[in-house]
Amino acid sequence: MSPSLQAALARDVTTLALCWKLTRSDGLVLGFTGHDRDLRLEGVEYLARPGMTPSAVTLSSSFSADSMDVEGVLGAASLSALDLDAGRWSGARMELFACDWTAPEAGMLQLMRGTMGDVLRQGDGAGGTFRVELVSEMAGLGEAVLVRCSPTCRAELGDGRCAVDLAGRTRTAKVLVALGQELELDEAVARPGDYANGSLRVVTGPLTGLDRRVEQVIGARVILEEQLFQPGLAGATILMREGCDKRFATCAGRFGNAAAFDGEPHVPGTDSLIRYGQL
């Protein structure tokens with residue numbers, strides 16, 4: 001902590017302002033502050049949102065997971081009802097800190113950081129409010145990190161471990177009708193089986209940038225594992241990428257990529273414990 005910030009904390013009347021920095025999975029960064037005017041810190045503009053208030057922040061030196069809630073007002077220039085309902089902010093990184101609003105460049109006092117959890121929303125547009133849970137990074141310490149043997153591949157098609165070039169394995173289409181987890185496209189998909197277990201991204205309209213996993217393609221009908229937010233989807237253009245069932249035979253036969261298979265297809269399964277010989 002800088003001497004200037006320490007001095008601000010020691011004053012009888014402090015000049016501290018709370019700030020929130022939100023980083024979405026697609027790289028978009030938004031900043032908000034409880035101060036009555038905008039602040040600029042480390043290249044990020046923190047917009048004045050005096051209505052944003054955090055619950056009590058309780059920090060401990062143990063490895064237990066801390067959490068808190070943040071309340072705020074919906075706005076087109078900040079967190080909109082459409083973006084929240086569409087899931088754009090699911091899993092976004094969130095940081096809460098304090099700074100001296102008279103000299104924001106003097107540094108910050110980190111209070112908490114983690115990911116956005118459950119979001120509760122009331123009302124739409126101006127006057128609507130939201131409450132979001134912030135789950136600290138300590139929560140990740142409780143997750144298993146061991147890599148287990150698997151007969152299926154652990155890589156995702158086209159990622160750095162897989163390295164399959166998806167340039168010729170994508171196609172665009174237009175959505176005519178969206179109903180639940182099913183989309184009706186403007187034309188039938190050639191080789192629909194290749195897109196099972198693939199991915200879909202919206203590239204036009206208000207839902208641009210949203211991704212979903214494709215479960216199955218039948219002609220011009222696409223069935224998703226999880227539905228997209230429906231308003232604004234009809235008429236949008238989507239980009240579909242081929243999928244993979246993660247089996248070794250598929251990796252070797254369809255993609256010619258057996259050398260990069262990230263799994264153990266020949267490891268005996270648990271059923272080997274009950275096998276017995278035959279005479």
Side-chain angles (χ1 to χ4, degrees), residues 22-30 79-93 115-119 121 150 152-251 253-257 260-263:
L22 281 68
T23 305
R24 219 161 60 182
S25 58
D26 60 3
L28 176 67
V29 177
L30 294 180
L79 298 180
S80 68
L82 176 62
D83 286 345
L84 288 174
D85 291 343
R88 287 188 188 276
W89 291 98
S90 178
R93 180 177 174 81
T115 57
M116 290 178 63
D118 296 334
V119 178
R121 184 175 62 78
S150 170
T152 56
C153 185
R154 288 178 289 268
E156 292 296 327
L157 183 64
D159 69 7
R161 292 178 295 173
C162 171
V164 168
D165 186 4
L166 293 179
R169 300 180 183 274
T170 61
R171 62 156 295 152
T172 58
K174 185 176 181 180
V175 178
L176 297 181
V177 181
L179 182 61
Q181 294 176 232
E182 297 189 11
L183 308 179
E184 188 73 28
L185 305 182
D186 58 343
E187 61 181 3
V189 177
R191 305 189 316 277
D194 291 351
Y195 292 89
N197 305 304
S199 63
L200 177 150
R201 169 169 290 187
V202 184
V203 294
T204 64
L207 302 183
T208 297
L210 289 183
D211 296 302
R212 287 294 185 270
R213 177 78 67 174
V214 175
E215 182 177 290
Q216 187 179 10
V217 179
I218 305 173
R221 186 160 56 100
V222 178
I223 302 174
L224 305 176
E225 288 188 358
E226 181 185 358
Q227 75 177 47
L228 278 163
F229 189 59
Q230 302 303 309
L233 186 55
T237 300
I238 61 169
L239 175 69
M240 287 203 308
R241 298 182 178 90
E242 290 187 14
C244 177
D245 60 10
K246 298 181 180 292
R247 295 187 302 115
F248 181 76
T250 303
C251 183
R254 179 176 158 202
F255 298 104
N257 199 39
F261 186 79
D262 191 12

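Being a predicted model, the structure only gives us computed values, none of them experimental.
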Asp211 side chain to Ser199 backbone, donor-acceptor under 3.5 Å: no
Main-chain N/O of Gln227 paired with Arg212 side-chain donor or acceptor, under 3.5 Å: yes
side-chain contact (heavy atoms from CB on, under 4.5 Å) between Glu187 and Leu185, worked out: CA-CA 5 Å; Glu187 61 181 3; Leu185 305 182; 5.8 Å; no
Separation between CG of Leu207 and CD1 of Ile238, rounded to the nearest 0.5 Å: 12.0 Å
Distance (rounded to the nearest 0.5 Å) between Cys153 SG and Asp262 CG: 5.0 Å
Trace of the side-chain contact (heavy atoms from CB on, under 4.5 Å) decision for Leu200 with Val222: CA-CA 10 Å; Leu200 177 150; Val222 178; 4.3 Å; yes
Nearest heavy-atom neighbours spanning Glu215 and Ala196: O-CB, 3.8 Å
Residue pair Arg247 / Phe261: nearest heavy atoms and the distance that separates them: C-CE1, 3.7 Å
Minimum-distance pair of heavy atoms, taken over all atoms of Cys244 and Thr250: SG-CG2, 4.2 Å
Gap between atom OG1 of Thr23 and atom CG of Leu28 - 0.5 Å precision: 8.5 Å
For Arg171, the option from Met240, Glu242, Arg191 that meets side chain to side chain contact (heavy atoms under 4.5 Å, CB included): Met240
Among Leu176, Val214, Val177, Leu224, side chain to side chain contact (heavy atoms under 4.5 Å, CB included) partner for Leu183: Leu224
Heavy-atom pair of closest approach, residues Arg24 and Ala92: CA-CB, 4.0 Å
Approximate separation, where rounding is to 0.5 Å, of Asn197 CG and Lys246 NZ: 8.5 Å
Smallest separation among heavy atoms of Tyr195 and Thr170, with atom names: OH-C, 4.2 Å
Where Ala155 and Arg161 come nearest, the two heavy atoms and their spacing: CA-NH2, 3.5 Å
Separation between NZ of Lys174 and OG1 of Thr237, rounded to the nearest 0.5 Å: 7.0 Å
salt_bridge(Glu156, Arg241) N-O dist < 4.0 Å: no
Enclosure of Leu179 CG (heavy-atom neighbours >12, cutoff 6.0 Å): no
Spacing of CD belonging to Gln216 relative to CD belonging to Gln181, to within rounding of 0.5 Å: 12.0 Å
